[in-house]
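Remarks on the structure that follows.
Chain identifiers are assigned alphabetically (A, B, ...) following the order of the sequence lines, protein sequences preceding nucleic acid strands; residue numbering begins at 1 within each chain. Everything quoted here is computed from the prediction, not taken from an experiment. No hydrogens, no waters, no symmetry mates; every other heavy atom, side chains included, goes into these values.
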2 protein chains.
Amino acid sequence: MDIIEAKEQFIQAWGTLGSSWGISRTMAQIHALLLVSSEPLSADDIMEKLQISRGNTNMTVRELIDWGLVYKEIIVGERREFFVAEKDMWQVSRCILRERKKRELDPLKRVFDSLAQVSNNSQTKDNQDFIKLIKDIQTLSEGADTILNKLIKVEKNWFLESFLKLFSKKKKISKDKA
Amino acid sequence: MDIIEAKEQFIQAWGTLGSSWGISRTMAQIHALLLVSSEPLSADDIMEKLQISRGNTNMTVRELIDWGLVYKEIIVGERREFFVAEKDMWQVSRCILRERKKRELDPLKRVFDSLAQVSNNSQTKDNQDFIKLIKDIQTLSEGADTILNKLIKVEKNWFLESFLKLFSKKKKISKDKA
DNA sequence: CTAAACTTTCAAAAAAAAATGAAAGTTATT
DNA sequence: AATAACTTTCATTTTTTTTTGAAAGTTTAG
């Protein structure tokens, strides 16, 4: 497999993976295309390479900019806008984490904060169970929130060097196995 | 807000949240309904309470069972099957993490393992960058994999007591603030 | 100011995902 | 073995999400 082919496969694969990440195929493909392009691309370049419409290209690039995954780049003497992708994949991960947390976790917390205010005057077993369910979900979602916030803030090296080591400790092999 | 109302809101909210988690609204709603029911429910109970079709109910309950979120329960003297939800929310989180990892992270790793085998004979800057991109994505996805596997295995108390504390250390307030 | 170059919007079309329900399949009872 | 009670399947319909493209809007240059 040569590099050209590999890049095409990358764009295709990133697009497919995007769907399972709740990101539209086009959005993921544009992102991938910009990631593998050494030069900034114009809206027309993107349209042509991915065979998509102008409207779709414009809207999707805007969204990528909102996420912080793509930047506008001005080229002197050119009137058109050009776009480049954020190439630091740790930064990319942070953007994706932040946006997915915003979409997937924050609404959960909001809903349960309001649900937690349910009055608990009837003390049947059934109702106690419901109150506990709400509390449990809140505890866990706050835990998830704490972890995600930390991951979003943290430096790449801290993640790769300190944090990951917490998880990769080898299991001690006990003598009684021998 | 009384408990009945709160439960209905819970089912509704869990359904809506489900969509943003890549889970169909019905699947999340059935799950929520079973979570708030103290008694096991039959397929007919579910159909009636959520106003959905038999086919949909059956397929979705099967999927919830596959995920490990719902169990069949046999009631003596009843021919029909009854269903109950896993009530331990930590266990529920694990199931959801495991299934989402399977859907969202594992395919990523597979794709990039195959892309990593791209030949690197032409040593242009451009190609070096591409190779680096692939490597970076692999490093990060392996990191994510390690963390998720650990979280899926770990005990609830370890998560809430030891793990979370790593993240919630209070910032030292320095004197120059005063 | 005006035309050209480029960008944005949004109603309508297409595609993808989810739900329906009738028919086929199973299993337990008599 | 026949019937009744219940479950599963899947082609079709409905709903939701994504994309299109023509029209409207903006900005720059002369």
Side-chain angles (χ1 to χ4, degrees), chain A residues 11-12 14-34 40-67 70-83 99-100 103-104 107, chain B residues 11-12 14-34 40-67 70-84 99-100 103-104:
Chain A
I11 293 169
Q12 213 46 53
W14 203 244
T16 310
L17 289 165
S19 332
S20 76
W21 285 60
I23 287 159
S24 86
R25 197 168 43 82
T26 306
M27 184 165 164
Q29 282 184 335
I30 294 181
H31 184 220
L33 174 62
L34 290 170
L41 301 182
S42 69
D44 291 271
D45 294 335
I46 296 169
M47 282 168 66
E48 197 205 336
K49 296 223 182 179
L50 298 179
Q51 294 291 312
I52 56 176
S53 72
R54 183 173 298 285
N56 194 4
T57 303
N58 182 271
M59 305 249 275
T60 307
V61 168
R62 276 333 108 179
E63 207 177 346
L64 283 164
I65 291 173
D66 287 344
W67 281 47
V70 165
Y71 309 112
K72 278 188 199 179
E73 184 154 312
I74 281 139
I75 294 190
V76 288
E78 281 276 10
R79 179 129 167 230
R80 290 175 298 173
E81 291 177 326
F82 286 78
F83 305 101
E99 292 297 322
R100 294 194 74 184
R103 265 211 266 155
E104 302 184 14
Chain B
I11 293 169
Q12 213 46 52
W14 202 244
T16 309
L17 289 164
S19 331
S20 75
W21 284 60
I23 287 160
S24 86
R25 198 167 42 80
T26 305
M27 185 165 161
Q29 281 184 335
I30 294 181
H31 183 219
L33 174 62
L34 290 171
L41 301 182
S42 70
D44 291 270
D45 295 334
I46 296 170
M47 282 168 66
E48 198 205 337
K49 296 222 182 177
L50 298 178
Q51 293 291 311
I52 56 176
S53 72
R54 185 171 297 284
N56 193 5
T57 304
N58 183 271
M59 304 253 274
T60 307
V61 168
R62 272 338 105 178
E63 209 179 344
L64 284 165
I65 291 172
D66 287 344
W67 280 48
V70 165
Y71 309 112
K72 278 186 199 179
E73 185 154 313
I74 282 140
I75 294 189
V76 288
E78 281 276 9
R79 179 132 167 226
R80 293 173 297 174
E81 290 177 328
F82 286 78
F83 305 101
V84 292
E99 291 298 321
R100 295 193 73 184
R103 265 211 266 157
E104 302 184 14

Does A:Lys72 come within less than 4.0 Å of A:Glu78, counting only side-chain N to carboxylate O?
no
Expected output: side-chain [X] to main-chain [Y] donor-acceptor under 3.5 Å:
X	Y	result
B:Thr16	B:Gln12	yes
B:Arg103	B:Gly22	yes
A:Asp66	A:Glu63	no

Of the listed nucleotides ([options]), which one gets closest to any side-chain atom of [X]?
X	options	value
A:Arg80	D:dT20, D:dT18, C:dT7	C:dT7
B:Glu81	D:dT7, D:dT9, C:dT7	D:dT7
B:Ser53	C:dT9, C:dG21, D:dT7	C:dG21

Touch check for A:Ser19, heavy atoms < 4.0 angstrom, all strands: base, sugar-phosphate only, or nothing?
nothing
Looking at every strand, decide which applies to B:Arg62 at a 4.0 Å heavy-atom threshold: base, sugar-phosphate, or nothing.
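Sugar-phosphate contact only.
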Please give, in whole Å, the distance from C:dC6 P to A:Asp45 CG?
12 Å
Polar side-chain contact A:Arg79-D:dT27 base: donor and acceptor under 3.5 Å:
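Answer yes: a donor N or O sits under 3.5 Å from an acceptor.
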Does D:dT17 have its OP1 or OP2 closer than 4.0 Å to a side-chain nitrogen or oxygen of A:Ser24?
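So the side chain of A:Ser24 is outside the cut-off, no N or O lying under 4.0 Å from OP1 or OP2 of D:dT17.
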When you measure from the side-chain N and O atoms of B:Asn58 to the phosphate of D:dT7, is any distance below 4.0 Å, counting only OP1 and OP2?
no
